[in-house]
Novice: 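If you scroll down you'll find the structure; I have some questions about it.
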Amino acid sequence: MNSTSVIATIGMLAIAVVGIGRHRPANGPLGEWTVGERKFSTFTTWFLQAGESFTTFSFLGLAGLAFGGGVAASYALCYLAINFVLQYFTAPRMRQLGAEHGYLTQADFFAERYRSPLLGRVVAIVGAVFLLPYLQLQITGLGLIVQLATGSRTGGNLSMILATVLTVGFVLWSGIRGVARVAYLKDALMVVGLLVLFIGVAISVKGGIGGLFETVRDTHPDLLTLHQKGYDATFFVSAVIISGIGGGLGTMAHLWPPVLAARSGRALRSNAIWLPLYQIALGIPVIVGFAGILMVSPDSPGNAVALTLAGQTLPGWLVGVVAVAAASAAMVPSAAIIVGISSLLSRNVLSARSERTQLRTNHVCAVVAAALALCLGLSRPDLLANLLLLTFGGLSQLAPAIVMGLARKVRLDAIPVLLGILTGVAVLTWLTFGDVDLGTMDPGLVALLPNLAVTGVAQLVVRSRTSREEPGGVRGKRVGVA
């Protein structure tokens, strides 16, 4: 075992130890495990919310996208800006409703606001299904990180197993409090890792960073435009819109616990103002991807660019530091996703009556979800590749109903919401797996159109029937789905 492997292993163990802490705070009701006491400070909430900005995509995917698509990679910086603008308005309202009605999950919001337990169950299933490939992405990405850093495929697989076991362990033990503790460490490691990688590339590339872009301008000018095949302006704009909607409107279930756990709406507004600072750091993988254009073989896989450059420009022990930082970027989002999936299933789908049974069911769901994602990552790493394309687009089908549900008075009924969501998901699945040629347009954005159309027509039908059935045509209590 080389120094890089040793440092990576020690780093993952340290992350788990931090997550476990000194005692077990999450042995009470599911609410304590999922959202704590709803008193998380601005500081703690900051790091929990920042977890979605720094994932394995930050290290591998973003650099790979810049390597193959050039400036199209900057779409990530744009959609995150939209996320934070929308969250300034939506997150405090979500927290307020959660505190008033006792929400623990995103599906609780749907069930309460639309007075429909059935709608809550459907949303929970949709959320869990579409989050599973996202969980597999984090686990598989971690294995790839260690494999590239150490040069050992076996080491990468063993790291996937070790990291998954450690992540499930501290999540079951500490719940969201453990995720918060590890988030502190993860962000510090990420900043250090990115800076180390940036310095190594800046020293190694001819002419420094300025010379890098001058060379790219002269040798690969197409990479500085949005006119490339597969990465044109249509891709850029549609990807920014669908990703901005997905994150800014709370369509991803694992983003709800940090919001619901916040002490106040003011803390969430403050974070929405200052979290864009992370985008400065996210510019580094983009620069690294451009450096790969000049320093890495054109035939290299895009996801391998960042770690390949680390191996070329840094000594082994520093490569280990970068690998630990990247591993933390997989473990923390994985932990948050596990909390999101297990809470949805145990609370909204299986609905155990007693709190103790609900917590035990939740823990079983957490283990099963993590084990399934790990097994698929080890045996069929590409099995969910197409489904991963549905993650953001599929969950974005919840956006219209979330917007309507955040209003003081909900003017939409449960049946139209349910039909709209199912229509959007069905259309998105057909567009993705039916070989429908949309060019570079994001299918999730296209699927939102029939979603809205069906929701609107169904709402008119429900309103019309309700008016006819009630005396005098006066509409009373909103129609729901039991």
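The first residue in the sequence is number 1, and the count goes up from there.
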Novice: Among residues at least two apart in sequence or on other chains, which ones pass side-chain hydrogen bond (donor to acceptor under 3.5 Å, both in side chains) with Y103?
Specialist: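 Per chain and number, Y103 pairs via side-chain hydrogen bond (donor to acceptor under 3.5 Å, both in side chains) with E112.
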Novice: Whether the side chain of S396 engages the backbone of F392 through a donor-acceptor N/O pair (distance < 3.5 Å, no angle test) should be reported.
Specialist: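 Answer holds: yes.
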Novice: Do you know which two heavy atoms are closest between L431 and P443, and how far apart they sit?
Specialist: CD1-O, 3.8 Å
Novice: Does the pair T432 and L428 meet the rule for a side chain to side chain contact (heavy atoms under 4.5 Å, CB included), with working shown?
Specialist: CA-CA 6 Å; T432 303; L428 179 62; 4.0 Å; yes
Novice: Test W33 against V171 for side chain to side chain contact (heavy atoms under 4.5 Å, CB included), laying out the working first.
Specialist: CA-CA 9 Å; W33 189 85; V171 167; 3.5 Å; yes
Novice: Kindly say whether A407 contributes a backbone atom to a donor-acceptor pair with the side chain of R113 at under 3.5 angstrom?
Specialist: yes
Novice: Would you confirm whether the ring centroid of F47 sits within less than 6.0 angstrom of the ring centroid of Y184?
Specialist: yes
Novice: Classify the side-chain pair N348/T105 by whether it contains a donor and acceptor separated by less than 3.5 Å.
Specialist: yes
Novice: About how many Å separate CD1 of I82 and CD1 of I245, when rounded to the nearest 0.5 Å?
Specialist: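 So the CD1 of I245 and the CD1 of I82 are separated by 8.5 Å.
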Novice: Are the side chains of T423 and Q397 in contact, using a 4.5 Å heavy-atom criterion?
Specialist: no
Novice: Between A107 and V123, what is the shortest heavy-atom contact and its length?
Specialist: CA-CG1, 4.3 Å
Novice: Using 0.5 Å steps for rounding, measure from the CG atom of L104 to the OG atom of S346.
Specialist: 9.0 Å
Novice: For residues L189 and K186, determine if any side-chain heavy atom of one lies less than 4.5 Å from a side-chain heavy atom of the other.
Specialist: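 No; the side chains remain at least 4.5 Å from each other.
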Novice: Testing the basics here: between A370 and V168, what is the closest heavy-atom pair and its distance to 0.1 Å?
Specialist: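 Residues A370 and V168, closest heavy atoms: CB-CG2, 3.3 Å.
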Novice: Quick check for you: to the nearest 0.5 Å, what is the distance between R347 atom CZ and S342 atom OG?
Specialist: 12.5 Å
Novice: Between S328 and A325 (side chain of the first, backbone of the second, donor and acceptor by atom type, cut-off under 3.5 Å), is there such a pair?
Specialist: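 Judged by distance alone, yes, a pair lies under 3.5 Å.
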Novice: Hey, what do you get for CD (Q49) to CG (N271), rounding to the nearest 0.5 Å?
Specialist: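 With rounding to 0.5 Å, CD (Q49) is 5.0 Å from CG (N271).
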Novice: Say you draw a straight line from CG of L372 to CG of L135; how long is it, rounded to the nearest 0.5 Å?
Specialist: 8.5 Å
Novice: Measure the shortest side-chain to side-chain distance between P400 and L448 over non-hydrogen atoms and say whether it is less than 4.5 angstrom.
Specialist: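 Yes, side chains in contact.
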Novice: With a 4.5 Å heavy-atom cut-off, do E37 and E32 have their side chains touching?
Specialist: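 When only atoms from C-beta onward are counted, E32 and E37 do touch, with a gap below 4.5 Å.
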Novice: Where the side chain of R181 meets the backbone of G19, is there a donor-acceptor pair that is under 3.5 Å apart?
Specialist: yes
Novice: Would you say L359 and L30 make side-chain contact, with heavy atoms under 4.5 Å?
Specialist: yes
Novice: Kindly say whether F130 contributes a backbone atom to a donor-acceptor pair with the side chain of T391 at under 3.5 angstrom?
Specialist: yes
Novice: Are side-chain heavy atoms of V454 and V457 found at a separation under 4.5 Å?
Specialist: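 They are not in side-chain contact.
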Novice: Between atom CG of L378 and atom CD1 of I161, what is the distance when rounded to the nearest 0.5 Å?
Specialist: 5.0 Å
Novice: Side chain of Q459, backbone of L412: donor and acceptor closer than 3.5 Å?
Specialist: no
Novice: If we only count heavy atoms from C-beta on, is the I402 to F110 side-chain gap below 4.5 Å?
Specialist: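 In short, these two side chains touch, coming nearer than 4.5 Å.
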Novice: Okay, side chain of Q106, backbone of A124: is any donor-acceptor separation there less than 3.5 Å?
Specialist: no
Novice: Restricting to non-hydrogen atoms, name the atom on T90 and the atom on G248 that form the minimum distance, rounded to 0.1 Å.
Specialist: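 Heavy atoms only, the tightest pair is OG1-O, 3.0 Å.
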Novice: If I compare all heavy atoms of F236 with all of A72, which pair ends up nearest, and what's the gap?
Specialist: CD1-O, 3.9 Å
Novice: Can you check whether V417's main-chain N or O pairs, donor with acceptor, with T455's side chain at less than 3.5 Å?
Specialist: no
Novice: Answer yes or no: is there a donor N or O on one side and an acceptor on the other, between the side chain of D442 and the main chain of G444, under 3.5 Å?
Specialist: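 Judged by distance alone, yes, a pair lies under 3.5 Å.
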Novice: Is the shortest heavy-atom distance from the side chain of M94 to the side chain of F109 under 4.5 Å?
Specialist: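 Of all side-chain heavy-atom pairs linking F109 with M94, none is under 4.5 Å.
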Novice: Is there a side chain to side chain contact (heavy atoms under 4.5 Å, CB included) between M190 and Y278 once you walk through the steps?
Specialist: CA-CA 11 Å; M190 282 288 290; Y278 274 109; over 6 Å; no
Novice: Keeping the roles fixed (side chain from W46, backbone from S41), state whether a donor-acceptor pair exists under 3.5 Å.
Specialist: no
Novice: Would I15 and L166 count as a side chain to side chain contact (heavy atoms under 4.5 Å, CB included) if you check the C-alpha gap in whole Å, the side-chain angles of each, and the deciding distance to 0.1 Å?
Specialist: CA-CA 8 Å; I15 291 170; L166 293 174; over 6 Å; no
Novice: For the residue pair D108 and G102, what are the closest heavy atoms and their distance?
Specialist: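 Taking every non-hydrogen atom into account, OD2-O, 4.2 Å.
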